[in-house]
Amino acid sequence: MHPTTDHMRQPPPEPPCPTERLDQITQLLSHLLQSTLCITSFTSRWQGLRSKLATLKSVLSEISDSLHWSDNPLLGALLPDLLSTLCRIETLCCQCSDPSFAPGKLLMQSDLDMASGWLSKQSHDLELLLRSGVLHQSTAIVLSRPNANGPKSDLCFFVKDLFTRLQIGSIEFKRKALDSLIQILTEDEKSASVVAKEGNSSCLIHLLDPIYPDSVKELAVVAVSILASGSDFSRKCVFEEGALGPLLRIIECSSMTLKEKAAMAVEFITEDPDNAWAISAYGGVPILIELCKSGSVTAQSYSVGAIRNISTVEDIRIALVEEGAIPVLVQLLVCGIPPAQEKAANCVAILASSGKFFHSLLLQEKGLQRLLHLLHESSNPDTIEHALHAIYLLSDSDYSYVTLSGSTTFIIHLAELVKYGSIMLQKISASLLANLSISDGNKRAVGGCMGSLVKLMESMKPDGLQEVGANALVSLLSVRSNRKEFVRDDKSLMKLVHMLDPANDVISKRFPVAVVVALTAGSSHGCRKRLMTAGAYVHLQRLADMDVAGAKKALQRLSGNRLTNIFNRSWRE
């Protein structure tokens, strides 16, 4: 034997091109349609196969009429498998047509059923590819993502091609398609609605099934999350296609990485109150609570966000209590990462707004102490607002009222929030200053916020802000030193007098009148003199004539001093 030299080796034959492969399939199909007419055994099964072969021939005819069918990589992957199936059917056809061939009846039935199943699946994939429309355009557009500023038609075609790959492509096709889908959703905020409309959300959610590897499920969960957060329409599509069930199943029994991403998707989906109720229907309440207890800090943040969302549903609030959510939420107030603390505080505030039953449970778990700790330690304005709101709601219990009223640290913090907090923090803080039983010493300690309370009285929005500002100011003015300090502040005093002016319709007159009544309490001639000099008396006279509540009382207090007569005499002169 002579050794084989490189130049004598024959190169492997090149695989047929798509056009040649399609010709082979078309010829074999025509042969099979003719041959199967003569088969007399297993008649019903062959009739079913013949019907599927005829449908396949029609689909292939449409495909060959498409301008760019031969360029599509998905079709190139489907045709070899289809040819293999048809060859198997040809073998079965020969066996059933040969009188001398005596196969086992059950075995032949099984072979025919398997061939029929393969043919159905491959025909379905080809039909799906055809109906998607991607065979009518050049695949050149698919090689790169469409520009965000490009025509919408390019994005629509790109999305259709991606979802076609998700449905009929190999695992590798699916992974690449999911990568591209996530990129387009991330880079273009407006693409979520297009993806929901032009894509197949059901197919995307199907990729969450346990039959797919984690590498595919992880990408699918991310895509579902982005769609759920992208727009109201895309969130609705994801929910209506049944995403919650598979996502909760992933949270229950998958790797922590998948749990985190699934919890993120659930949080986004439940942001819509119309979707939140379904968590209970899927048995998701204990699943989310367990993730809060034993998940990673990232998973905890997403799961407590979902719990916060579903706590707005009255029936689910009871389920949360029954499943032990309150101890978990209270613990997260001090042990969670900042995003989890914010969401937990928000959820506690929602529960606290639901009545005394929830108040009692929250207080039993030391919820007030945890909220106060979070209020003092957090630097996040939203977290502070949720914590303070929850504290305000809990303050109507005797225990909370006494605890908060006696806390100098808390009272001083309220004054700081009145001066420097957001408008909602100012409103809640002023409400607490007005409602709590604060000692005179603490009132003197926070007298520096009175100017800010005057500013709140001038604010038209939000509703109720003027009233709580006035009530808090009246409370602080019960201390003599604060009254003296107030009238020495020319800016605040002039603002108050301006609010008394009947021509100023920005504020209800009963609020500044109540402040004047508070300022004229006791026997401070200095306060009365400053008010008279600033012009309060004239406005009060007119307000008394208009029967404004408290105006006559304020006027009488000013008139009870000889300064009134002096002022009137000088005014007439």
Test salt bridge (Lys or Arg N to Asp or Glu O under 4.0 Å) on Asp161 and Arg165; report intermediate values, then the result. CA-CA 6 Å; Asp161 180 75; Arg165 293 165 186 251; 2.6 Å; yes
Verify the neighbour count for atom NE2 of His373: are there more than 12 heavy atoms of other residues, nucleotides or ligands below 6.0 Å? no
Using a 6.0 Å cut-off, check whether atom NZ of Lys419 has over 12 heavy atoms from anything other than its own residue. yes
Just jot down the salt bridge (Lys or Arg N to Asp or Glu O under 4.0 Å) partners of Asp113, sequence neighbours excluded, or say none. Arg45
Side chain of [X], backbone of [Y]: donor and acceptor closer than 3.5 Å?
{"X": "Ser280", "Y": "Trp277", "value": "no"}
{"X": "Glu342", "Y": "Thr383", "value": "no"}
{"X": "Ser400", "Y": "Leu394", "value": "yes"}
{"X": "Ser378", "Y": "Leu374", "value": "no"}
{"X": "Thr298", "Y": "Glu260", "value": "no"}
{"X": "Asp209", "Y": "Ile211", "value": "no"}
{"X": "Ser84", "Y": "Pro80", "value": "no"}
{"X": "Tyr401", "Y": "Ser437", "value": "yes"}
{"X": "Ser301", "Y": "Val297", "value": "no"}
{"X": "Gln341", "Y": "Leu333", "value": "yes"}

Listing, residues 310-318 side-chain donor-acceptor contacts under 3.5 Å, not counting sequence neighbours, or none:
from	atom 1	to	atom 2	distance (Å)
Ser311	OG	Arg308	O	2.7
Thr312	OG1	Asn309	O	2.8
Arg317	NE	Ser354	OG	3.0
Arg317	NH1	Ser311	O	2.9
Arg317	NH1	Thr312	O	3.3

Note, [X] side chain near [Y] side chain (heavy atom, < 4.5 Å):
{"X": "Leu166", "Y": "Phe173", "value": "no"}
{"X": "Asp188", "Y": "Leu185", "value": "no"}
{"X": "Asn435", "Y": "Asn471", "value": "no"}
{"X": "Ser123", "Y": "Val59", "value": "no"}
{"X": "Leu320", "Y": "Ile289", "value": "yes"}
{"X": "Leu372", "Y": "Leu368", "value": "yes"}
{"X": "Phe410", "Y": "Leu375", "value": "yes"}
{"X": "Leu227", "Y": "Leu204", "value": "yes"}

Side chains of [X] and [Y] only: does a donor on one sit below 3.5 Å from an acceptor on the other?
{"X": "Lys52", "Y": "Ser120", "result": "yes"}
{"X": "Asn442", "Y": "Thr408", "result": "yes"}
{"X": "Ser360", "Y": "Gln364", "result": "yes"}
{"X": "His359", "Y": "Asp396", "result": "yes"}
{"X": "Ser296", "Y": "Gln300", "result": "no"}

I need the [X] [atom1] to [Y] [atom2] distance, nearest 0.5 Å.
{"X": "Ile307", "Y": "Glu267", "atom1": "CD1", "atom2": "CD", "result": "10.5 Å"}
{"X": "Leu219", "Y": "Leu208", "atom1": "CG", "atom2": "CG", "result": "11.0 Å"}
{"X": "Leu414", "Y": "Cys449", "atom1": "CG", "atom2": "SG", "result": "9.0 Å"}
{"X": "Glu198", "Y": "Ser191", "atom1": "CD", "atom2": "OG", "result": "12.5 Å"}
{"X": "Leu361", "Y": "Glu365", "atom1": "CG", "atom2": "CD", "result": "8.0 Å"}
{"X": "Met114", "Y": "Thr85", "atom1": "CE", "atom2": "OG1", "result": "10.0 Å"}

Using the rule given for salt bridge (Lys or Arg N to Asp or Glu O under 4.0 Å), can you reason through Asp111 versus Arg88, listing the C-alpha separation, both sets of side-chain angles and the distance that settles it, and then say yes or no? CA-CA 9 Å; Asp111 288 345; Arg88 175 58 180 158; 3.2 Å; yes
Which residues share a side-chain hydrogen bond (donor to acceptor under 3.5 Å, both in side chains) with Lys174, sequence neighbours left out: none
Can you give the donor-acceptor pairs under 3.5 Å from side chains of residues 237-257 to other protein atoms, not counting sequence neighbours?
from	atom 1	to	atom 2	distance (Å)
Ser254	OG	Ile250	O	3.1
Ser255	OG	Leu258	N	3.4

For Asp125 and Lys121, run salt bridge (Lys or Arg N to Asp or Glu O under 4.0 Å): C-alpha distance rounded to whole Å, both residues' side-chain angles, the deciding distance at 0.1 Å, then the answer. CA-CA 6 Å; Asp125 288 350; Lys121 172 67 170 63; 2.6 Å; yes
Residues 460-468, side-chain donor-acceptor partners within the protein, below 3.5 Å, at least two apart:
from	atom 1	to	atom 2	distance (Å)
Gln466	NE2	Met457	O	3.3
Gln466	NE2	Ser459	O	3.1
Gln466	NE2	Val506	O	3.2

With sequence neighbours left out, which residue pairs that include part of residues 194-219 fulfil the ring pair (Phe, Tyr, Trp, His ring centres under 6.0 Å) condition? His206-Tyr212
Shortest non-hydrogen contact from Leu425 to Pro381? CD1-O, 4.3 Å
Apply the test salt bridge (Lys or Arg N to Asp or Glu O under 4.0 Å) to residues Lys176 and Asp179: give CA-CA distance (whole Å), side-chain angles for both, the deciding distance (0.1 Å), then the verdict. CA-CA 5 Å; Lys176 289 181 178 178; Asp179 274 330; over 6 Å; no
Assess whether side-chain hydrogen bond (donor to acceptor under 3.5 Å, both in side chains) is satisfied between Ser215 and Arg175, documenting all intermediate values. CA-CA 8 Å; Ser215 60; Arg175 273 198 291 263; 3.0 Å; yes
